[in-house]
Amino acid sequence: MAVIDDDDDVGDVLGGLLETMGYQVETYRSGMDFLSDAQMDRLACLIVDQNMPRMTGLEMIERLSDRGLNIPSLLITGIHDAEVERKAASLGVMTVLEKPMSHHELLRFISVTVG
């Protein structure tokens, strides 16, 4: 799985939490880094921040979709926005969570998605 978040602290905390749960996690600081460096065939799911510079989380997910890649995704955002939720649903994003989110919500998404 991959965590894509421009906030070093958030990326490190989420990555560390998931690794302690036994998951193999790759972290990226931008959608551009993820799209250029990730090995897509190894990823069971994505945890993506919406508000990143240069490319939003939804723009990144849309680029994946344009490539024919539909990796189960959870979008995290600091601001509730009905338009973001609508766009996320249209792109097949499984869940949108607001920061700060509970670890239980995150782990529920992971357990349903990855098993």
Side-chain angles (χ1 to χ4, degrees):
M1 85 182 51
V3 174
I4 302 97
D5 197 311
D6 63 309
D7 184 321
D8 290 342
D9 292 335
V10 173
D12 292 344
V13 167
L14 291 178
L17 171 67
L18 296 169
E19 286 174 352
T20 63
M21 300 299 295
Y23 297 105
Q24 200 170 29
V25 182
E26 299 173 14
T27 57
Y28 300 89
R29 298 301 182 227
S30 74
M32 299 296 282
D33 289 346
F34 172 77
L35 291 172
S36 65
D37 297 339
Q39 294 181 349
M40 305 297 174
D41 60 332
R42 296 179 42 199
L43 300 173
C45 68
L46 307 176
I47 300 165
V48 184
D49 183 28
Q50 168 58 11
N51 298 308
M52 296 184 286
R54 298 187 325 171
M55 178 186 301
T56 68
L58 288 177
E59 289 169 340
M60 188 202 81
I61 292 168
E62 188 168 29
R63 288 191 187 186
L64 287 174
S65 181
D66 291 345
R67 295 180 185 179
L69 299 169
N70 295 307
I71 302 168
S73 301
L74 174 139
L75 187 72
I76 55 177
T77 181
I79 303 169
H80 175 77
D81 184 327
E83 181 61 23
V84 166
E85 287 190 18
R86 185 197 63 72
K87 177 74 172 180
S90 75
L91 289 171
V93 171
M94 297 177 73
T95 304
V96 177
L97 294 178
E98 284 185 59
K99 294 178 186 177
M101 64 197 157
S102 81
H103 293 138
H104 297 292
E105 291 174 300
L106 175 66
L107 295 175
R108 187 173 330 123
F109 165 77
I110 301 297
S111 67
V112 168
T113 306
V114 178

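All values below come from the heavy atoms of this structure, side chains included, with hydrogens, waters and symmetry mates left out.
Of all heavy-atom pairs between Y28 and A38, the closest is OH-CA, 3.3 Å. The nearest pair of heavy atoms linking V48 to M60 is CG2-CE, 3.7 Å. The two residues V3 and G11 come nearest to each other via the heavy atoms CG1-CA, 4.1 Å. Across A44 and P72, no two heavy atoms sit closer than the pair O-CD, 3.4 Å. Scanning all heavy atoms of the two residues, the minimum distance from S30 to R54 falls at OG-NH2, 4.0 Å. Considering all non-hydrogen atoms of both residues, C45 and I71 come closest at CA-CG2, 3.7 Å.
No continuous path of ILVMFWY side-chain contacts below 4.5 Å connects L97 to M52, so the two sit in separate hydrophobic clusters. M40 is connected to M55 through a chain of hydrophobic side-chain contacts under 4.5 Å among Ile, Leu, Val, Met, Phe, Trp and Tyr, so both are in one cluster. Note on L75 and L91: same hydrophobic cluster, where clusters join Ile, Leu, Val, Met, Phe, Trp and Tyr whose side-chain heavy atoms are under 4.5 Å apart, directly or indirectly. Both V114 and F109 are part of a single hydrophobic cluster, where members link through side-chain heavy atoms under 4.5 Å apart.
Formation of a donor-acceptor pair under 3.5 Å by the S36 side chain with backbone atoms of D33 is found in this model. The main-chain N or O of L58 is found under 3.5 Å from a side-chain atom of Q50 such that the two form a donor-acceptor pair.
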Checklist line | Full working for side chain to side chain contact (heavy atoms under 4.5 Å, CB included) between V96 and K87 | finding: CA-CA 11 Å; V96 177; K87 177 74 172 180; over 6 Å; no
Next item on the list: Show the numbers, then the answer: is there a side chain to side chain contact (heavy atoms under 4.5 Å, CB included) between T56 and V84?
Entry: CA-CA 10 Å; T56 68; V84 166; over 6 Å; no
Item checked: Test log, rule side chain to side chain contact (heavy atoms under 4.5 Å, CB included), inputs T113 and L74 -> CA-CA 10 Å; T113 306; L74 174 139; over 6 Å; no
Margin query: Evaluate T95 against E105 for side chain to side chain contact (heavy atoms under 4.5 Å, CB included), listing each step before the verdict.
Written below: CA-CA 10 Å; T95 304; E105 291 174 300; over 6 Å; no
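For the pair R67/L35, a side-chain contact is recorded, criterion being any heavy-atom separation below 4.5 Å from C-beta on. Side-chain atoms of E26 and L43, non-hydrogen and from C-beta on, do get closer than 4.5 Å to each other. Taking 4.5 Å as the limit, some side-chain heavy atom of I47 sits within range of a side-chain heavy atom of L18. Residues M32 and R63 are in side-chain contact: their nearest non-hydrogen atoms beyond the backbone lie under 4.5 Å apart. In this structure, the side chains of T27 and E19 stay at 4.5 Å or more apart for every pair of heavy atoms. A heavy-atom distance below 4.5 Å is found between the side chains of L46 and L64. No side-chain heavy atom of L106 sits under 4.5 Å from any side-chain heavy atom of I76. In this structure, the side chains of I110 and M21 stay at 4.5 Å or more apart for every pair of heavy atoms.
Salt-bridge formation is not detected for the pair K99/D7: no Lys NZ or Arg NE/NH1/NH2 atom is positioned less than 4.0 Å from an Asp or Glu carboxylate oxygen. A salt bridge is defined here as a Lys NZ or Arg NE, NH1 or NH2 lying under 4.0 Å from an Asp or Glu carboxylate O, and R86 with D81 fails to meet this definition.
In this structure, the separation between OG on S111 and NE2 on H104 is 12.0 Å, given to the nearest 0.5 Å. Here L69 contributes atom CG and I61 contributes atom CD1; the two are 12.0 Å apart, rounded to the nearest 0.5 Å.
Checked options D8, D49, D6; the residue passing with R29 is D8 (criterion: side-chain hydrogen bond (donor to acceptor under 3.5 Å, both in side chains)).
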